[in-house]
Amino acid sequence: MTVLVAYAPAPEGREALSEGIKEAHLRNSDLLVVNIGRGHHDLEPEEVRALETRLGDAGLALTIESSVLSDPGDAVIQIAQDRNVDMIVIGLRHRSMVGKLILGSTVQRILLDATCPVLAVRSDKL
């Protein structure tokens, strides 16, 4: 079993990682991190070290995967299907009233096209 976290080095990505860690523990599964931030093919070395530390503290190994696809939503969907993941966790950021009508294209694509359950979490919990 595998939980995939669509990760970006931003508050919503960090919240998705936190929830992904919880889900991996609940499901007794592996955790796979897919970077969807800007330049989503590589994370900065200090960000990778921070992820390794955080996951190590949680008793999980860091597995990062990337895709040659330029659209991060397509990349998450492709990797999720290729790896037959059990769940995708994505982070949502606060949006204005108008913004609430339209989700970001990456989040929207993942929610609509994923073939497994998707857990969407807010980074600005009230």
Side-chain angles (χ1 to χ4, degrees):
M1 294 184 74
T2 302
V3 173
L4 183 154
V5 173
Y7 179 79
E12 58 271 14
R14 291 181 191 94
E15 187 65 29
L17 183 65
S18 294
E19 292 300 319
I21 290 169
K22 290 177 189 174
E23 287 296 327
H25 282 295
L26 284 172
R27 297 166 182 274
N28 195 29
S29 64
D30 296 326
L31 186 70
L32 172 63
V33 175
V34 176
N35 178 29
I36 63 168
R38 281 188 208 162
H40 65 272
H41 299 293
D42 294 310
L43 287 169
E44 296 293 326
E46 59 273 2
E47 187 72 24
V48 173
R49 283 191 294 277
L51 289 171
E52 286 173 333
T53 300
R54 181 137 185 232
L55 290 173
D57 291 347
L60 297 166
L62 174 61
T63 304
I64 299 176
E65 192 154 332
S66 61
S67 170
V68 297
L69 297 175
S70 61
D71 182 271
D74 287 341
V76 169
I77 296 298
Q78 177 194 33
I79 292 168
Q81 290 174 344
D82 291 349
R83 296 287 297 269
N84 196 29
V85 304
D86 300 289
M87 173 181 271
I88 298 171
V89 182
I90 56 174
L92 302 172
R93 67 177 166 258
H94 179 74
R95 300 219 175 247
S96 67
M97 292 301 285
V98 173
K100 288 179 182 180
L101 296 174
I102 306 169
L103 288 173
S105 61
T106 299
V107 171
Q108 189 172 33
R109 176 160 298 135
I110 294 168
L111 286 170
L112 294 175
D113 294 341
T115 57
C116 63
V118 178
L119 174 61
V121 296
R122 287 179 35 167
S123 62
D124 56 342
K125 293 182 179 175
L126 300 176

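Residue numbers run from 1 in the order of the sequence given. What you are looking at is a predicted structure, and each value in this text was computed from that prediction instead of being measured.
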Quiz item: side chain to side chain contact (heavy atoms under 4.5 Å, CB included) with T2: which residues, sequence neighbours excluded?
Solution: D30, L32, V85
Self-check item: With sequence neighbours excluded, residues passing side chain to side chain contact (heavy atoms under 4.5 Å, CB included) with D74
Solution: L69, D71, R109
Practice problem: Applying salt bridge (charged side-chain N to carboxylate O under 4.0 Å, His left out), name anything that partners R27, two or more places apart in sequence or on another chain. | Solution: E23
Practice problem: List for me each residue that meets salt bridge (charged side-chain N to carboxylate O under 4.0 Å, His left out) alongside R49, sequence neighbours excluded, and say none if there are none. | Solution: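 For R49 there are no salt bridge (charged side-chain N to carboxylate O under 4.0 Å, His left out) partners, ignoring immediate neighbours.
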Quiz prompt | Close side-chain approach of Y7 to I64, heavy-atom, < 4.5 Å | solution =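 No, every pair of side-chain atoms sits at 4.5 Å or beyond.
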Quiz item: Which is it for V89 and L4 under the side chain to side chain contact (heavy atoms under 4.5 Å, CB included) test, yes or no, and what are the steps along the way?
Solution: CA-CA 6 Å; V89 182; L4 183 154; over 6 Å; no
If you compare all heavy atoms of [X] against all heavy atoms of [Y], which two are closest, and at what distance to 0.1 Å?
X: I79; Y: S67; answer: CD1-CB, 4.1 Å
X: I90; Y: A16; answer: C-CB, 3.8 Å
X: A120; Y: L92; answer: CB-CD1, 3.8 Å
X: P72; Y: I36; answer: CB-CB, 3.7 Å
X: M1; Y: S29; answer: O-CB, 3.2 Å
X: A61; Y: L55; answer: O-CD1, 4.2 Å

Quiz item: Can you name the one residue among L60, V5, V3, L26 that meets side-chain contact (heavy atoms from CB on, under 4.5 Å) with I21?
Solution: L60
Self-check item: Single hit among V118, N35, V34 for side-chain contact (heavy atoms from CB on, under 4.5 Å) with V76
Solution: V34
Self-check item: Neighbour count >12 (heavy atoms, 6.0 Å) for atom CG, D82
Solution: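 For D82, atom CG is crowded (more than 12 foreign heavy atoms under 6.0 Å).
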Quiz item: If you measure from CD1 on I77 to CG on L112, what distance do you get to the nearest 0.5 Å?
Solution: 9.0 Å
Exercise. To the nearest 0.5 Å, tell me how far Q78 CD sits from D113 CG.
Key: 13.0 Å
Quiz item: What pairs of residues pass the salt bridge (Lys or Arg N to Asp or Glu O under 4.0 Å) test when at least one of them lies in residues 51-61, not counting sequence neighbours?
Solution: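 Checked against salt bridge (Lys or Arg N to Asp or Glu O under 4.0 Å) - neighbours excluded - no pair reaches residues 51-61.
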Quiz item: Under 3.5 Å, side chain of H25 to main-chain N/O of G20, donor-acceptor pair present?
Solution: no
Practice problem: Using a strict cut-off of less than 4.0 Å between a Lys/Arg side-chain nitrogen and an Asp/Glu carboxylate oxygen, indicate whether E12 and R122 qualify as a salt bridge. | Solution: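 No.
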Exercise. Mind running side chain to side chain contact (heavy atoms under 4.5 Å, CB included) on E65 and R83 for me, showing each step along the way?
Key: CA-CA 10 Å; E65 192 154 332; R83 296 287 297 269; 2.4 Å; yes
Quiz item: Listed by chain and number, what are the side-chain hydrogen bond (donor to acceptor under 3.5 Å, both in side chains) partners of Q81, not counting sequence neighbours?
Solution: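 In terms of side-chain hydrogen bond (donor to acceptor under 3.5 Å, both in side chains), with neighbours along the sequence ignored, Q81 is linked to no residue.
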Quiz prompt | Verdict with reasoning, L62 to L31, per side chain to side chain contact (heavy atoms under 4.5 Å, CB included) | solution = CA-CA 7 Å; L62 174 61; L31 186 70; over 6 Å; no
